[in-house]
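See structure below.
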Protein chains: 2
Amino acid sequence: MTSHPPALDELDRKIIAALIANARTSFAEIGAEIGLSAPAVKRRVDRLKEAEVITGFTTMVSPGALGWGTEAYVEVYCDGAAPPRRLADVVRDYPEITAAMTVTGGADALLHIRATGIQHFEEVLERIRAEPFIRKTISVIVLSHLLAGSPEAAASPTSPTAPSRPYGETNRR
Amino acid sequence: MTSHPPALDELDRKIIAALIANARTSFAEIGAEIGLSAPAVKRRVDRLKEAEVITGFTTMVSPGALGWGTEAYVEVYCDGAAPPRRLADVVRDYPEITAAMTVTGGADALLHIRATGIQHFEEVLERIRAEPFIRKTISVIVLSHLLAGSPEAAASPTSPTAPSRPYGETNRR
DNA sequence: CATGAAAGACACAACAT
DNA sequence: ATGTTGTGTCTTTCATG
């Protein structure tokens, strides 16, 4: 809950698109492309960070090159009594769990896991299954990627096929 | 296929860790933390990009703020004859599909989808199911996230619980 | 291969429009 | 809210151990 109603305009979206494409693009260069001065771009970026529209700048690495050769999704089934949100505490203790979310369907939660290899993944899975209120797990191992993008990268800011202006639409000011 | 066998050392990993934490960190600041000059850091980063260990710098945005309020994973079952890799072509035509991979288990592929809302998601799903060689889909809608981290950001480069040096281990030089 | 110095580009913070 | 100016820092290239 950020106090201010964000209300992004065209320029904000172009700035975000540029920064998603390359987080190290200079404000001057972004400004040149959209017809704004560098300080103006910086101010908008600061605002977007303040409003938590931009949540951070990160670097994409090829996990394989760092030794994380195995990737998997694990559906987790909890005991009826235990609220799946309690998983939040557990999940933090596993560095191999890179994402965790509650989901609809038979499973209570879905985990994204990275391991150095199958044997490491098996070891992680055994530890997870030993957690008190976890009833069963179903694992799906990723074989190969068909698309470059990551699940976390939101779809392009300028909504494509979607309703022209998805969410906050009123012109600022 | 990059010609050179990368072989990362401790300094490379610290640089990568710093850039994952904040892709806009200055080379000078990184250098100060690990005892290297700014140009030295830049040269290593350039090498890491060249070796495709670092694949890019991107910005994390809160998808909800951009109007992408619905997130789902969809398991795709293909017709026996059609190779799941053919999905690569199809998948590119959907801006809503932010990740796609082939997987083990009953399903042939797993899609990560972002939509502006349930009705938009339903519309996307219908289009996908109308594709020629797709037999059935199973959808799982994300309710809430239990972890902040992004799936693509591989678990911290300084491998934590994992085998001390996962992959490339020989000292450079 | 890493360092150090120099020129150019950039970020950042006033102030003015 | 944006543009402009000024200052300090950073990036980047080139020369050097």
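Here is how names work: the chains are called A, B, and so on, in the same order as the sequence lines, proteins then strands, and each is numbered from 1. Predicted model only: the values in this text are computed from it and were never measured.
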ask   = Within this structure, what is the CG-to-P distance between D46(A) and dA11(C), rounded to whole angstrom?
value = 12 Å

inquiry  = I want to confirm an ordering. Mapping R43(A) and R24(A) to their closest nucleotides on DNA chain D, which one lands closer to the 5' end?
reply    = R43(A)

ask   = dC12(C), dG4(C), dA2(C): which one has an atom nearest the side-chain heavy atoms of P39(B)?
value = dG4(C)

key: Any D108(B) side-chain heavy atom under 4.5 Å of V76(B) side chain   = no

inquiry  = Checking side-chain polar atoms at under 3.5 Å, does E131(A) have a donor or acceptor matched by the opposite partner on Y94(A)?
reply    = yes

request  = Tell me which nucleotide among dT3(C), dA2(C), dT2(D) gets nearest to the side chain of L36(A).
outcome  = dT2(D)

remark   = From CG of N22(B) across to P of dC10(D) the rounded distance in Å is 14 Å

key: Verdict with reasoning, R44(B) to D9(B), per salt bridge (Lys or Arg N to Asp or Glu O under 4.0 Å)   = CA-CA 11 Å; R44(B) 289 175 100 106; D9(B) 66 0; 2.5 Å; yes

note = Rounded to whole Å, the CZ-P distance (F27(A) to dT11(D)) equals 13 Å

Sugar-phosphate, base or nothing in reach of G35(A), heavy atoms under 4.0 Å = sugar-phosphate

query = How many Å lie between CD1 on I15(A) and P on dA11(C), as a whole number?
reply = 13 Å

request  = May I have the distance from R44(B) (atom CZ) to dT12(D) (atom P), rounded to whole angstrom?
outcome  = 17 Å

inquiry  = Return the CD1 to CD1 distance between I16(B) and I30(B), rounded to the nearest 0.5 Å.
reply    = 10.5 Å

message = What I want to check is whether the side chains of S144(B) and T102(A) have a donor and an acceptor closer together than 3.5 Å.
response = yes

request  = Could you work out which one of dC10(C), dA2(C), dT11(D) sits closest to the side chain of S26(B)?
outcome  = dT11(D)

query = Could you give the CD1-to-P distance, from I30(B) to dA2(C), as a whole number of Å?
reply = 16 Å

request  = Step through the shown structure and confirm whether more than 12 heavy atoms of other residues, nucleotides or ligands are within 6.0 Å of CZ on R86(A).
outcome  = no

request  = Could you please name the option among dT12(D), dT3(C), dT2(D) that lies closest to any side-chain atom of A40(B)?
outcome  = dT3(C)

key: Length of the CG-C1' vector between D9(B) and dC1(C), whole Å   = 12 Å

inquiry  = If the helix axis at each end comes from five base pairs, how far does the helix from dC1(C)-dG17(D) to dT17(C)-dA1(D) deviate from straight, to 10°?
reply    = 30°

inquiry  = Just N and O in the side chain of S37(A): are any of them under 4.0 Å from OP1 or OP2 of dT2(D)?
reply    = no

E50(A) CD to dA1(D) C1', straight-line distance once rounded to whole Å = 17 Å

ask   = Below 4.0 angstrom from OP1 or OP2 of dT11(D), is there any side-chain N or O of K42(B)?
value = no

ask   = Can you name the nearest heavy-atom pair linking V74(A) to S139(A), along with the distance?
value = CG2-OG, 3.7 Å

